[in-house]
Amino acid sequence: MSTLSQFSSLLDRLESTTSRLESSAVKSKSSSSTDTTVNDSNAPQVEAFQSFLNESFQPLITTLQNIGGDCEPVIKLLQDAMNQLKLLIICSTKFKKPTDQTLVQLLTPITKILTQIGDIRFKKFKSEQYNHLYALEEGMKCILWPTSPTPVSYVKEMVNAAQFYTNKVLMTYKNSDNSELHKNFVNQLKQMIESLANYVKEYYMAGLTWNAKASEQANENSLEKC
């Protein structure tokens, strides 16, 4: 092969390699800019919320799994609701404050899940776990704190909202063989709500805050980018 041909072949390979590297760099940059799990999971408020989930929410889920019965259908809904709240918190670190109408739209996935929990409770009115379901329906409204101008007191009020039904749980299972299991449910639900109130007090005392330095205002599609 002539020197010219060898040079031409080498140049072709270099151009091909350069093209692949540039393409890889573009993909890497794009992935980095849209991977909010990596970019935003280190935000203090996001890390703190994950700690809340691990330490205060998960024990309640475990107890519900142990209770079983008609509590089973709501477990995934509870988890989905908390994950949606976490997603909203992540979005608040990425976007400017939305309009009130847009905030309602961003909260729609959560409100739909809470409605589903209420529907299950309504259909299970003859269930042995009816009071568990009602306590969860009332108590889980605590995650709607982004809609309140006084979020800390709003969250705390959900302890009282659920208490009528948690007291019934305690009375119903007071003398049963698994009374401790149901007592754990009552205590963990209360503790979960109180822990959420402490979280909100530390990071969102005056309400959900947004990233004023962000280049884009949150819109109804922002959750998909988080």
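If you read the sequence from its start, that first residue is 1, and numbering goes on from there. It should be emphasised that the depicted structure is a prediction, and the values quoted were computed from it without experimental measurement.
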(request) Evaluate side chain to side chain contact (heavy atoms under 4.5 Å, CB included) for Leu208 paired with Leu88, printing each intermediate quantity in order. (result) CA-CA 10 Å; Leu208 184 63; Leu88 181 64; 4.1 Å; yes
*asked:* Using a 6.0 Å cut-off, check whether atom CG of Asn221 has over 12 heavy atoms from anything other than its own residue.
replied: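 Yes, enclosed.
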A quick test of your reading: do over 12 heavy atoms of other residues, nucleotides or ligands sit less than 6.0 Å from CG of Asp100?
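Counting neighbours around CG of Asp100, 12 or fewer heavy atoms of other residues, nucleotides or ligands fall under 6.0 Å, so no.
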Which value, rounded to the nearest 0.5 Å, describes the distance between [X] atom [atom1] and [Y] atom [atom2]?
{"X": "Leu85", "Y": "Leu144", "atom1": "CG", "atom2": "CG", "answer": "9.0 Å"}
{"X": "Leu106", "Y": "Glu220", "atom1": "CG", "atom2": "CD", "answer": "8.0 Å"}
{"X": "Trp145", "Y": "Leu107", "atom1": "CH2", "atom2": "CG", "answer": "9.5 Å"}
{"X": "Glu138", "Y": "Leu133", "atom1": "CD", "atom2": "CG", "answer": "12.0 Å"}
{"X": "Asn178", "Y": "Ile67", "atom1": "CG", "atom2": "CD1", "answer": "8.0 Å"}
{"X": "Ser222", "Y": "Gln105", "atom1": "OG", "atom2": "CD", "answer": "10.0 Å"}

Compare every heavy atom of [Y] with every heavy atom of [X], then report the nearest pair and how far apart it is.
{"X": "Cys71", "Y": "His132", "result": "SG-CB, 3.8 Å"}
{"X": "Ala135", "Y": "Ala162", "result": "O-CB, 3.6 Å"}
{"X": "Ala197", "Y": "Val155", "result": "N-CG1, 3.6 Å"}
{"X": "Leu87", "Y": "Leu223", "result": "CD2-O, 3.9 Å"}
{"X": "Tyr203", "Y": "Pro44", "result": "OH-O, 3.7 Å"}
{"X": "Phe95", "Y": "Cys226", "result": "CE1-SG, 3.7 Å"}

Report yes if the side chains of [X] and [Y] come closer than 4.5 Å at any heavy-atom pair, otherwise no.
{"X": "Thr93", "Y": "Asn211", "value": "no"}
{"X": "Leu114", "Y": "Leu77", "value": "no"}
{"X": "Ile90", "Y": "Phe49", "value": "no"}
{"X": "Lys190", "Y": "Asn187", "value": "no"}
{"X": "Met82", "Y": "Phe52", "value": "yes"}
{"X": "Met205", "Y": "Val200", "value": "no"}
{"X": "Asn219", "Y": "Pro98", "value": "no"}
{"X": "Leu196", "Y": "Ser56", "value": "no"}

- Please identify each residue that fulfils side-chain contact (heavy atoms from CB on, under 4.5 Å) with Asp119, with sequence neighbours left out.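 Result, side-chain contact (heavy atoms from CB on, under 4.5 Å) vs Asp119: Thr115.
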Item to complete: Could you pull out all residues at least two apart from Glu72 that satisfy side-chain contact (heavy atoms from CB on, under 4.5 Å)?
Response: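 Result, side-chain contact (heavy atoms from CB on, under 4.5 Å) vs Glu72: Ile75.
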Handout entry: Residue pairs fulfilling salt bridge (charged side-chain N to carboxylate O under 4.0 Å, His left out) with at least one residue in residues 145-159, sequence neighbours excluded
Key =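 Checked against salt bridge (charged side-chain N to carboxylate O under 4.0 Å, His left out) - neighbours excluded - no pair reaches residues 145-159.
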Worksheet item: Under the salt bridge (charged side-chain N to carboxylate O under 4.0 Å, His left out) rule, what pairs show up with a residue in residues 121-136, not counting sequence neighbours?
Response: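 Sorted pair list: Asp70-Lys124, Arg121-Glu137.
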[X] side chain to [Y] backbone, donor-acceptor under 3.5 Å:
{"X": "Gln217", "Y": "Lys97", "value": "yes"}
{"X": "Tyr199", "Y": "Glu194", "value": "no"}
{"X": "Thr99", "Y": "Thr102", "value": "yes"}
{"X": "Ser195", "Y": "Gln191", "value": "yes"}
{"X": "Ser176", "Y": "Thr172", "value": "no"}

*Tyr154 with Val104, same ILVMFWY side-chain cluster at under 4.5 Å*: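 As far as the 4.5 Å side-chain criterion goes, Val104 and Tyr154 are not connected within one cluster.
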Using the side-chain hydrogen bond (donor to acceptor under 3.5 Å, both in side chains) rule, take Thr108 and Thr111 through it: C-alpha gap first, then chi angles, then the decisive distance, then the call. CA-CA 5 Å; Thr108 296; Thr111 57; 4.7 Å; no
Stepwise side chain to side chain contact (heavy atoms under 4.5 Å, CB included) test for Phe57 and Ile61
CA-CA 7 Å; Phe57 180 66; Ile61 293 298; 3.6 Å; yes
- Task: Could you tell me whether Glu216 and Lys94 have a side-chain N and a carboxylate O separated by less than 4.0 Å?
- Result: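 Result for this pair is no, no salt bridge flagged.
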Gln50 vs Asn54, side-chain hydrogen bond (donor to acceptor under 3.5 Å, both in side chains): CA-CA, chis, key distance, verdict = CA-CA 6 Å; Gln50 185 59 52; Asn54 296 340; 3.0 Å; yes
Worksheet item: If you group Ile, Leu, Val, Met, Phe, Trp and Tyr whenever their side-chain heavy atoms sit less than 4.5 Å apart, what else falls in with Phe125?
Response: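 Answer for Phe125: Tyr130, Tyr134, Phe164, Tyr165.
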Can you sort out the partners of Phe122 under ring pair (Phe, Tyr, Trp, His ring centres under 6.0 Å), two or more places apart, ordered by chain and number?
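So Phe122 forms no ring pair (Phe, Tyr, Trp, His ring centres under 6.0 Å) with any residue.
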Item to complete: Verify side chain to side chain contact (heavy atoms under 4.5 Å, CB included) between Lys112 and Gln84, making sure each step is shown before the conclusion.
Response: CA-CA 11 Å; Lys112 284 184 176 180; Gln84 284 294 328; over 6 Å; no
(request) Could you check Ser179 against Lys174 for side chain to side chain contact (heavy atoms under 4.5 Å, CB included), going step by step and ending with a plain yes or no? (result) CA-CA 6 Å; Ser179 60; Lys174 179 172 58 175; 6.0 Å; no
On the 0 to 90° scale, with breaks at 30° and 60°, tag the Tyr173-His182 ring pair as parallel, tilted or perpendicular.
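Tyr173 and His182: parallel rings.
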